[in-house]
Amino acid sequence: MCSIMGYCGSGLSYEEFKKHFDATISRGPDDSRIIDTGMGLMGFHRLAIMGLSPEGMQPFEYHGSYVVCNGEVYGFEKFKAELSAEGFHFVSGSDCEILLPLYEKYGTDMFRMLDAEFALILFDSSSGSYIAARDPIGIRPLYYGYDEAGVIVFASEPKNLVGLCGRILPFPPGHYYKDGEFHCYRDISATQGLICDGLDTVCKNIHDKLCAAVEKRLVSDAKVGFLLSGGLDSSLVCAIAQQKSHLPIRTFAIGMSEDAIDLKYAKQVADYIGSDHTEVIMTRWQVLEALEDVIHLLGTYDITTIRASMGMYLLCKWIHENTDIRVLLTGEVSDELFGYKYTDFAPSAREFQKEAEKRVRELHMYDVLRADRCISVNSLEARVPFGDLDFVEYVMSLDPAMKINRYGKGKYLLRRSFEGDYLPHDILYREKAAFSDAVGHSMVDHLKAYAESYYSDAEYEKLRRKYRQARPFTKESLLYREIFEKYYPGQSGMVADFWMPNKSWAGCDVNDPSARALSNYGASGM
């Protein structure tokens, strides 16, 4: 990951800008640079992944224009060759160096052309305009706000904007900003028409597109590792990657010492595919000690996001401190496309699709946010194969009657697509356990028990009523909200609401986001 920030006007000193910008220096510890465009300030903290030489340092400049980008542009070599043939000159091996020449040639139309996970800020010297943009899913973070003078400020994280801007908001994925307005250039949740191919064709396409998504994310000038929970999604990413690699890939799993559901399955996968596997054990003390830091780095009060972040944060911290890996591939985004445990209760295919569209639009506030912060705060980069734009667009366009669970097994299309020698059959068809539960049921139980002991019933009722937006509804949710407000006072609007199953569906009216609260959890905890 890297960190970017842009103050798009005059009135802020270099020293004040740097103070706010340095709040996210862990995202890019390799080098830092702040430049004055003549009409504002732009900053870049670098984590070198592609083009490791000093020439790959940003901001990039071209004909007086500047750009800072936190991202990976896949297939940039094709753009680079075409632009070079037209006389554009490049000095580094960085994928992001193509952005200014692309903008000079195509303007804001270039955003629709990018196969990328990115957030960028661009200063156009010819017009004096600032442009900002974010990828269609929001894999890479970007936030914005306005200072007291009304100047818009963009930054990778809300930490950069606290104390500088009044109201902080997430930059909408799939949009670009120019001349005071936000424009949608791609809505990845919207379908242009349903794909009604046969089952064999659909499964072949899912297979081929996911394999291509993993393969392109293996390209890196820095070392790559893999988070392996033992669940279907991360196991598939690791299995595909191992088949594409000549040497054993490095896989990592974490769990509570006493009851980690997935550690045994992660080891089973690692043994089967032949990866170089590491298990990390976490304790109740480590979880509770890290809780406040995790909520601060996340910038959320959402229950399931925080729970699922505890193991991921501690695992990434271990990887950062004990290895030379800089890039991690993860299994996020699969659930939003193929379904959760609770979407088994969808009353119709149409309702399943509506829920998927909602979840994809909100990904940047939940699972994608979790993966970004837990990984980036440890000076690592996240890559998300299930978030590949071609893959997401295809799965979202499939007839929802094929995706809804009418097979007696959730995510059946994905499982069927990889029958063969990728994974052991019992892993491929194992019931899903949520990551926050799979690291050990005891972890969530420890968090809930800690919150129960923290407040009396009277204190809980009094304190929860302070909050109107996303009012806490358990002592656990109150504890998280109080810690959130300590670091982001009055900024609860950065998150839409608590991530919860669709309570309007029969069987989903529960008061805990864990799949354990659902009647169909069954063998997921085995």
Side-chain angles (χ1 to χ4, degrees), residues 1-5 20-32 43-50 58 68-73 95-96 116-121 134-135 137-143 154-162 168 170-171 173 217 220-227 252 254 290 293-300 302 305-306 308-333 363-385 387 435 487-488 494:
M1 297 296 182
C2 300
S3 182
I4 61 174
M5 185 170 172
H20 288 281
F21 187 41
D22 282 353
T24 52
I25 200 165
S26 64
R27 296 185 68 93
D30 294 339
D31 199 358
S32 296
F44 185 72
H45 293 313
R46 185 187 190 193
L47 180 69
I49 302 296
M50 297 295 292
Q58 300 183 38
V68 287
C69 179
N70 170 26
E72 293 295 334
V73 182
D95 51 322
C96 293
E117 302 160 355
F118 76 95
L120 67 76
I121 308 163
R134 192 178 185 189
D135 68 73
I137 292 175
I139 300 290
R140 296 303 169 91
L142 192 63
Y143 289 79
F154 301 103
S156 289
E157 294 190 27
K159 280 189 286 190
N160 302 118
L161 304 179
V162 170
I168 303 169
F171 192 101
R217 285 164 177 80
S220 171
D221 293 332
K223 291 189 177 180
V224 178
F226 299 80
L227 299 185
F252 300 87
I254 191 167
D293 286 343
V294 167
I295 293 174
H296 182 205
L297 71 91
L298 290 173
T300 189
D302 177 61
T305 304
I306 292 166
S309 294
M310 302 310 302
M312 179 174 262
Y313 165 74
L314 291 170
L315 179 56
C316 294
K317 184 173 186 289
W318 189 95
I319 293 170
H320 170 67
E321 292 174 351
N322 294 276
T323 79
D324 57 356
I325 284 171
R326 306 295 290 274
V327 177
L328 289 172
L329 269 67
T330 74
E332 276 74 27
V333 185
L363 256 168
H364 66 105
M365 291 182 282
Y366 301 109
D367 274 10
V368 161
L369 179 149
R370 165 176 57 83
D372 173 83
R373 301 302 194 280
C374 292
I375 292 174
S376 68
V377 77
N378 289 296
S379 302
L380 303 165
E381 174 175 292
R383 293 187 180 178
V384 188
F435 182 59
Y487 295 102
Y488 306 95
M494 294 192 305

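Because the structure is predicted, anything quoted here is derived from the model rather than measured.
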Distance, nearest 0.5 Å, that separates CG of L297 from NZ of K159
6.0 Å
For S220 against V327, the heavy-atom pair lying closest together
OG-CG2, 3.7 Å
For residues A371 and A382, report the shortest heavy-atom separation together with the two atoms involved.
O-CB, 4.4 Å
Nearest 0.5 Å, what's the CZ-OG1 distance between R217 and T330?
10.0 Å
Value rounded to 0.5 Å, distance of CD1 in I375 from CG in L328:
5.0 Å
Polar side-chain atom of D372 near backbone of R140 as donor-acceptor pair, under 3.5 Å:
no
Mind listing the closest non-hydrogen atom pair of M494 and G299 along with its distance?
CE-O, 3.7 Å
What closest approach, in Å, do A116 and D135 show between heavy atoms, and which atom pair accounts for it?
O-CB, 3.6 Å
Testing the basics here: between R383 and I49, what is the closest heavy-atom pair and its distance to 0.1 Å?
NH2-CG2, 3.3 Å
Does the side chain of P29 reach to within under 4.5 Å of the side chain of L47, using non-hydrogen atoms?
yes
Could you state the interatomic distance from OG1 (T300) to OH (Y366), rounded to the nearest 0.5 Å?
7.0 Å
Separation of L314 CG from C374 SG (nearest 0.5 Å):
9.0 Å
Which residues pass the salt bridge (Lys or Arg N to Asp or Glu O under 4.0 Å) test with D302, sequence neighbours left out?
none
Shortest non-hydrogen contact between I4 and F44, atoms and distance:
CG2-CD1, 3.8 Å
Once rounded to the nearest 0.5 Å, what's the spacing between atom CG of D367 and atom OG of S309?
8.5 Å
If you define the side chain from C-beta out and look only at heavy atoms, does anything of V377 sit under 4.5 Å from Y313?
yes
I'd like to check E332 versus M312 (side-chain heavy atoms, cut-off strictly below 4.5 Å). Are they in contact?
yes
Output yes when a side-chain donor or acceptor of D95 lies under 3.5 Å from a complementary backbone atom of V73, and no otherwise.
yes
Do the non-hydrogen side-chain atoms of I137 and P173 ever get within less than 4.5 Å of each other?
no
Without swapping roles, check the side chain of Y488 against the backbone of H296 for a donor-acceptor pair under 3.5 Å.
yes
Main chain of A48, side chain of D30: is a donor-acceptor contact present, judged purely on distance under 3.5 Å?
yes
Short question: side chain of D293, backbone of A290 - any donor-acceptor pair under 3.5 Å?
no
L315/L227 under side chain to side chain contact (heavy atoms under 4.5 Å, CB included): CA gap, chis, key distance, verdict
CA-CA 9 Å; L315 179 56; L227 299 185; 3.7 Å; yes
Kindly determine whether R27 and S376 satisfy side chain to side chain donor-acceptor pair (under 3.5 Å), including the steps that lead there.
CA-CA 5 Å; R27 296 185 68 93; S376 68; 2.9 Å; yes
Could you list the residues that satisfy side-chain contact (heavy atoms from CB on, under 4.5 Å) with T323, not counting sequence neighbours?
R250, F252, W318, I319, I325
Basic-acidic side-chain contact under 4.0 Å: R326, D221:
no
Is D324 salt-bridged to K223, cutoff N-O under 4.0 Å?
yes
Ignoring hydrogens and angles, tell me if any N or O in the side chain of R370 forms a donor-acceptor pair with the backbone of I306 under 3.5 Å.
no
Kindly say whether S26 contributes a backbone atom to a donor-acceptor pair with the side chain of S379 at under 3.5 angstrom?
yes
Tell me if a side-chain donor or acceptor on N70 pairs with a main-chain N or O of S3 at a distance below 3.5 Å.
no
